[in-house]
Structures are given as C-alpha cells and as structure tokens.
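Structure first, then comments.
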Number of protein chains: 2
Amino acid sequence: MTAPESSAPRLRGRPRSPAADAAIIEAALRLLEEGASVGGLSIEGIAREAGVGKATVYRRWPGKDALMLDVLRSLEEPSPEPTGASVRDDLVAILEFMRRRGLAKRNSALLRSVITQMHAHKELWRAYDENVIAARRASLRAVLRRGRESGEIRADMDLELLADLFTGPMLARAMLHEWKQLPEGLAERIVDTVLEGVSPRR
Amino acid sequence: MTAPESSAPRLRGRPRSPAADAAIIEAALRLLEEGASVGGLSIEGIAREAGVGKATVYRRWPGKDALMLDVLRSLEEPSPEPTGASVRDDLVAILEFMRRRGLAKRNSALLRSVITQMHAHKELWRAYDENVIAARRASLRAVLRRGRESGEIRADMDLELLADLFTGPMLARAMLHEWKQLPEGLAERIVDTVLEGVSPRR
DNA sequence: GGCTTACGATACGAGACCGTCTCGTATTGG
DNA sequence: CCAATACGAGACGGTCTCGTATCGTAAGCC
C-alpha cells in the first residue's frame, strides 16, 4: 500500500516485512472503525492490534502523526475522470463517488473522526488538505467552470458557493447521521434538484 | 448557566458556589477552543484551568461524559421562531442563525470537535442529538412543509433531502474550512440559489 | 557460515490522568 | 458556638502510554 520509506534501499541484512507494514495500517483502520478517536489511538494499542512489536512500528514511523498520514493516504482511491458527456453527468459521477466512499463503512466512521480530530494537529490537517482535498476540489471546480462556459450553469454563479451547494448535502448527511445510510440515487437527486431548483413551475 | 443538580435542595452547611459551576464550564470551553479534542480533555486539566480542586468537579458531575453534556448545553441559544412572513425569509433566518453560531468562534472550533468526537461515545451523541439537533430539525421541517403547502416549494420534494440541501452547504463550509469565514449574505445566497436552481433561464 | 538487519516480545523509567481521600479553611443554618 | 457541607490543594495507588533498549530468533546477502 504505502511505503513509508522509499529512499536508501538497505541491502544488508533482513529486509523489512511488507506484511508488517500492511498489518499496522490495517490495525489502525480497524481501531478507527470501531469508534476510537484519532487522539485516543496509541502506538502501543495499534501494535497490539496488529500483532506486532512496538519497535516494528517505531522502525517505520517516527511518531503517531507520521503514521496517521500514511493511514489516511491508504484510503485514497483515484477520483473519477470527468467523462465530459455532460456537466450534469460529471457532477453526478463525482457525488456518486463520494457516496460510495461514505458507504464504504471504512471511511464513514473514519472521515468523521479524521476531519475534526485533524484540526487539533494543524500540520496534519494541512498536509491532508493539500494532498487530498485540494485535488478533488480542483477537479470539481473544473467541471463547474466547464458548465458555466457551456451554458448549463448560470454565468453569474460563484464557483466556490456552487461547489458547496453540490457537495455540502452529501457531506453533511454522511457526517451527521451515518447510520441513516446514503441511499441509492442520492447523487442524482441532489444534482438535479440543485440544478433545477426547488421552486415550482420553472 | 446550567445547574447540574436542581433537586434535593440541601440546606445544611455551605452551599455550592455557582462561581465554581461557571468556572468549570468556562474552562472546558476555553480548552476546546484552543484546539483540544473532546477525547483529550481531562478532568484534571479542566480543574487546573478553572483554578478549582478536582473534588469540586467530581462533586458536581460523575464523570467526563456528564460534564461534556452540560458544556454543550451551555452553548445553546433559542433558535429563532419562524416569522411566517414567507418561507424564503424563514429559511434565510434559520441559515443566518447557523451562520452566526458558526462565526461565534467559540462554536466554530468547538462544533467540529464535538460533532465527530461525539460519535465515539454513542450515548453522549444520542443525548445531544435528541436534545438539540432534533428540535432544530423539526423546526426546519415545519417551515419546509409550510412551503410545500403554500406552493413556494414543489410538491414532489422529499423534505428530508430538502433539509440537507439548505443546511448542508452551510454546515460543510463551517466544518471544513473554518478560517475562510462564513461571509455576510451567505444565508441568502444559499437559500435563493437552491430555490431558483442553478440552471439558467428559468 | 558469517554478517547484518528485522522480527515479536517484553522490560524499563518517565509521565499523564484516573477517582478517592484527606488536609486545613470557609461559609452556611440552627 | 456547633454541626454540616463546600472550598482549593494535593497525596495516593492504579492504569495507561510514551519512546528506548535488550532479549533470542528469523531471514536475507556475501
């Protein structure tokens, strides 16, 4: 998954076990899923859950922050390329991607914990923000801009606000009432409603 | 502010100091503002910050969870009564109320921490959810229902989805990019855009 | 086989916090 | 004055985690 170290390929002696790498990250994810907070995680607990010595963790990461960053990175999947068919379909695809991520259960409980716990360690959050969120947001903005040029979206709209109008409802629902699952077709309904508006008789 | 005990008015001996009540809750809020996570708060730390003995805290609350609940309650303000002028104005009023709460700085940093940290202690979250969020949601739903009856809102809309469409953007923005403040007029812009839709030429 | 490094396990001292308890003092009612 | 309770401060034994170090063993390279 994630190789904490890529430089200086030591050849002497026994190589580090990739299995341990994976076991550690898996254990951290498992604990987070079970409701542990980022602040409540301990290296000691993670090592125990992973069936691994503490030293094996410290050999790979200098501390909890660095480990957490790799844990987050392990969740990343490439976001979908806009097909370009129509702006409406691209927006649906992006929201549907979010929905599936939220449903993944792994992320559902996790994103909540992460997003806010992160703010405590400002550096961690900045790293996550720049590496992950910024990319997604840029992709979304590109789609919106295209829609404005093609006439599918009113020309006077603030792109920043638009982005929140589309993604906000999905995010809020995922973060606030997790268990009320994100139902099939939610992405389409959000996109179409925001596009067409809530008032009657257009 | 919040009286942890209201029954059994002990008359014997020295009465409990209301100043201590307030100091403890204030201290907890101060620590949360400074970025501490709910999980990271300690009774010991709160007592220290409040300039109060630990026993004084334990005399009032049995543990951290009960204390946290009162800390949250101390943030509550009555949500605005719908004026009934128009559904559009009522929606703006509700969102504007959310915006001001988010700006309060006290809540901004805090709500983030709370909303997700809470999920760890499921009971705490349920209590907060039932006591606070449910009431606001019911008020919002009533406004939406009224709008549907008065014809300001299309009849085929799912109220649950509508609620998320209006509140989601505000919530998401407050939770994700705190520092980018919630600008003046955001409530109006969200409401009007969702009502009228994003597509051009209605 | 010999060298080197990683492995799981565990011991270690340091330190934070827990919840209870005990100080000596302060503040009420009777 | 006296009994009762609250106060701030902090001692106490206990648990947990920290980050480091040291076991004996395992797995690669030469």
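Convention: sequence-line order gives letters A, B, ...; per-chain numbering from 1. Because the structure is predicted, anything quoted here is derived from the model rather than measured.
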From NZ of Lys64(B) across to P of dC18(C) the rounded distance in Å is 7 Å
Minimum-distance pair of heavy atoms, taken over all atoms of Asp21(A) and Trp61(A)
O-CH2, 4.5 Å
Atom CD1 of Ile46(A) and atom P of dA9(C) are separated, to the nearest Å, by 16 Å
Provide a list of protein-nucleic acid N or O atom pairs under 3.5 angstrom, restricted to nucleotides 20-29 of chain C.
from, atom 1, to, atom 2, distance (Å)
dA26(C), N3, Arg14(B), NH1, 3.3

Mapping Glu44(A) and Thr56(A) to their closest nucleotides on DNA chain C, which lands nearer the 5' end?
Thr56(A)
Value rounded to 0.5 Å, distance of CD1 in Ile46(A) from CZ in Arg30(A):
11.0 Å
How many Å lie between CG on Leu31(A) and C1' on dC16(D), as a whole number?
15 Å
Heavy atoms of Pro169(A) and Asp164(A) approach each other most closely as CD-O, 3.7 Å
Please give, in whole Å, the distance from dG8(D) C1' to Ile24(B) CD1?
12 Å
Please state how far atom CZ in Arg16(A) lies from atom C1' in dG8(C), giving the value in whole angstrom units.
15 Å
Given 3.5 Å as the limit, does a donor-acceptor pair link the side chain of Lys54(B) with the main chain of Ala47(B), or not?
no
Using a 3.5 Å distance criterion without hydrogens, assess whether the side chain of Arg60(A) forms a donor-acceptor pair with backbone atoms of Thr56(A).
yes
Phosphate contact (dA6(D) OP1 or OP2) by Arg60(B) side-chain N/O below 4.0 Å:
no
About how many Å separate CG of Leu186(A) and CZ of Arg99(A), when rounded to the nearest 0.5 Å?
7.0 Å
